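All figures in this text were calculated on a predicted structure; none of them were measured in a lab.
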Amino acid sequence: MAIVVIGGHSRNIGKTSVVCAVISALPQYHWTAIKISPFGHHICSANGESCDYQADDHTIAISEELNPTTGTDSSRYLSAGAVRSLWIRTRQGELAQAVTRIRAEIARSENVIVESNTILRFLRPDFYASVLNPDTADFKPSALRYLDRADAILLSGAGTPNPAWNISPEVFAHIPTFRIAPPDYTSADFAAFVAKSLNV
């Protein structure tokens with residue numbers, strides 16, 4: 001079994017598109033795709049709505065996506081060719097509560113691709129790539145924490161020479177880097193690199 005994790009330093013920088021590109025480029029892996037979304041306090045994990053109910057059964061929700069046409073991230077995984085697609089929601093900082101269930105879903109899968117940074121606290125994937133957009137200033141602490149574990153960096157955006165974030169490019173200068181761009185964020189070289197890494 002291969003486990004691939006795609007993370008990134010912020011929202012809306014192409015992480016889901018990269019996951020879809022890998023699924024589409026490597027269909028022989030029969031991917032189970034998993035998106036992990038943390039919710040803040042007073043937000044229900046079951047539906048993402050405002051919630052003051054703090055019972056234990058509202059800390060985790062796992063949904064299997066069955067419709068490849070809705071346009072949601074988990075639906076896009078299916079549209080790209082994933083055999084299964086799961087959306088896992090937990091309260092902010094409480095992913096540990098879902099790890100047993102996540103491991104169970106992984107165990108029943110042929111190969112898994114996960115969109116998340118924080119899962120790296122609990123899981124050692126076979127391959128981890130981090131999506132970075134120099135035009136987006138926000139840099140999640142979880143992305144910085146695991147940046148040195150990346151097997152590849154994917155640079156998206158216009159590629160400004162001076163990144164908006166206060167992170168030195170020297171931090172990841174030794175990591176293989178691939179350029180990606182909207183709308184599909186694909187890179188044949190990156191897909192080949194993933195396949196080669198998983199087959200070593």
Side-chain angles (χ1 to χ4, degrees), residues 1-38 48 61-90 95 98-99 101-120 122-133 143 146 149-157 176-200:
M1 173 193 290
I3 300 176
V4 171
V5 172
I6 305 295
H9 75 94
S10 188
R11 297 168 56 93
N12 302 317
I13 58 171
K15 298 186 299 293
T16 300
S17 295
V18 169
V19 172
C20 291
V22 172
I23 292 169
S24 181
L26 304 173
Q28 67 273 26
Y29 282 84
H30 306 121
W31 299 104
T32 290
I34 300 174
K35 182 178 182 75
I36 298 176
S37 302
I62 299 178
S63 305
E64 181 166 1
E65 178 64 73
L66 300 174
N67 186 341
T69 64
T70 65
T72 63
D73 290 350
S74 54
S75 173
R76 290 172 61 195
Y77 298 158
L78 290 178
S79 182
V83 296
R84 290 183 73 220
S85 176
L86 302 170
W87 183 29
I88 298 173
R89 284 94 66 208
T90 66
L95 181 58
V99 169
R101 292 172 67 182
I102 292 170
R103 289 188 188 281
E105 293 296 346
I106 290 173
R108 60 185 288 230
S109 304
E110 189 171 340
N111 296 289
V112 176
I113 186 165
V114 182
E115 182 180 339
S116 172
N117 290 315
T118 53
I119 194 62
L120 295 171
F122 308 100
L123 186 71
R124 280 222 171 258
D126 299 291
F127 187 92
Y128 166 55
S130 187
V131 180
L132 305 180
N133 184 332
Y146 301 113
R149 286 176 51 183
D151 297 291
I153 299 294
L154 296 161
L155 283 180
S156 68
T177 300
F178 300 86
R179 282 265 176 208
I180 54 174
D184 54 10
Y185 296 89
T186 59
S187 164
D189 289 342
F190 174 66
F193 185 71
V194 174
K196 181 179 178 182
S197 298
L198 295 180
N199 289 324
V200 168

**Asked** Are any of the side-chain heavy atoms of Leu123 and Ile106 separated by less than 4.5 Å?
**Response** yes
**Item:** Interatomic distance, Ser37 atom OG to Trp87 atom CH2 [nearest 0.5 angstrom]
**Value:** 5.5 Å
**Asked** So do the side chains of Thr32 and Glu110 get within less than 4.5 Å of each other, counting heavy atoms only?
**Response** no
**Prompt:** Under 3.5 Å, is there a donor-acceptor pair between the Glu115 and Thr16 side chains?
**Reply:** yes
**Minimal non-hydrogen separation, Pro183 against Ser17, with atom names** = O-OG, 4.2 Å
**Item:** Any Lys15 side-chain heavy atom under 4.5 Å of Val18 side chain
**Value:** no
**Item:** side-chain contact (heavy atoms from CB on, under 4.5 Å) against Leu66, all qualifying residues, sequence neighbours excluded
**Value:** Glu64
**Prompt:** With distance as the sole test, does Arg149 use its side chain to make a donor-acceptor pair with the main-chain N or O of Leu120 at under 3.5 Å?
**Reply:** yes
**Prompt:** If you measure from OG on Ser187 to CZ on Phe178, what distance do you get to the nearest 0.5 Å?
**Reply:** 6.5 Å
**Prompt:** Are Phe193 and Lys196 close enough that some pair of their side-chain heavy atoms sits under 4.5 Å apart?
**Reply:** no
**Message:** I need the minimum non-hydrogen distance between Ala21 and Tyr185, along with the two atoms involved.
**Reply:** CB-O, 4.3 Å
**Message:** So, taking the atom named CG in Leu132 and the one named OG1 in Thr177, what distance separates them when rounded to the nearest 0.5 Å?
**Reply:** 8.0 Å
**Request:** Report the distance from atom CZ of Arg84 to atom NE2 of His30, rounding to the nearest 0.5 Å.
**Result:** 14.5 Å
**Asked** For Ile3, does its backbone N or O pair with a side-chain atom of Asp126 as donor and acceptor, under 3.5 Å?
**Response** yes
**Message:** In the structure I gave you, are the side-chain heavy atoms of Tyr29 and Ile23 within less than 4.5 Å of one another anywhere?
**Reply:** no
**Request:** Inspect the contact between Glu65 and Lys35 and indicate whether a charged nitrogen and a carboxylate oxygen are less than 4.0 angstrom apart.
**Result:** no
Side-chain donor-acceptor pairs of residues 4-12 under 3.5 Å, sequence neighbours excluded:
{"unit_1": "His9", "atom_1": "ND1", "unit_2": "Asp138", "atom_2": "O", "d": "2.5"}
{"unit_1": "His9", "atom_1": "NE2", "unit_2": "Asn133", "atom_2": "N", "d": "3.0"}
{"unit_1": "His9", "atom_1": "NE2", "unit_2": "Asn133", "atom_2": "O", "d": "3.2"}
{"unit_1": "His9", "atom_1": "NE2", "unit_2": "Trp165", "atom_2": "NE1", "d": "3.4"}
{"unit_1": "Ser10", "atom_1": "OG", "unit_2": "Asp138", "atom_2": "OD2", "d": "2.9"}

**Fill in**
Tightest non-hydrogen contact, residues Ala80 and Cys20, listed as CB-O, 3.5 Å
**No-hydrogen, no-angle side-chain donor-acceptor test under 3.5 Å, Ser85 and Arg76** = no
**Message:** Within the structure provided, determine whether Phe190 and Leu154 are in side-chain contact (heavy-atom separation under 4.5 Å).
**Reply:** yes
**Asked** When you measure from the side chain of Ser116 to the backbone N and O of Thr118, does any donor-acceptor pair fall under 3.5 Å?
**Response** yes
**Prompt:** Can you check whether Leu95 reaches Ile36 side chain to side chain, under 4.5 Å on heavy atoms?
**Reply:** yes
**Message:** What's the separation between atom CG in Leu86 and atom CZ in Arg101, rounded to the nearest 0.5 Å?
**Reply:** 10.5 Å
**Fill in**
Between the CD1 atom in Ile113 and the CH2 atom in Trp31, the distance rounded to the nearest 0.5 Å is 5.5 Å
**Prompt:** With Asn67, which residues qualify under side-chain hydrogen bond (donor to acceptor under 3.5 Å, both in side chains), at least two apart?
**Reply:** Thr69
**Request:** Report yes if the side chains of Ile34 and Val112 come closer than 4.5 Å at any heavy-atom pair, otherwise no.
**Result:** yes
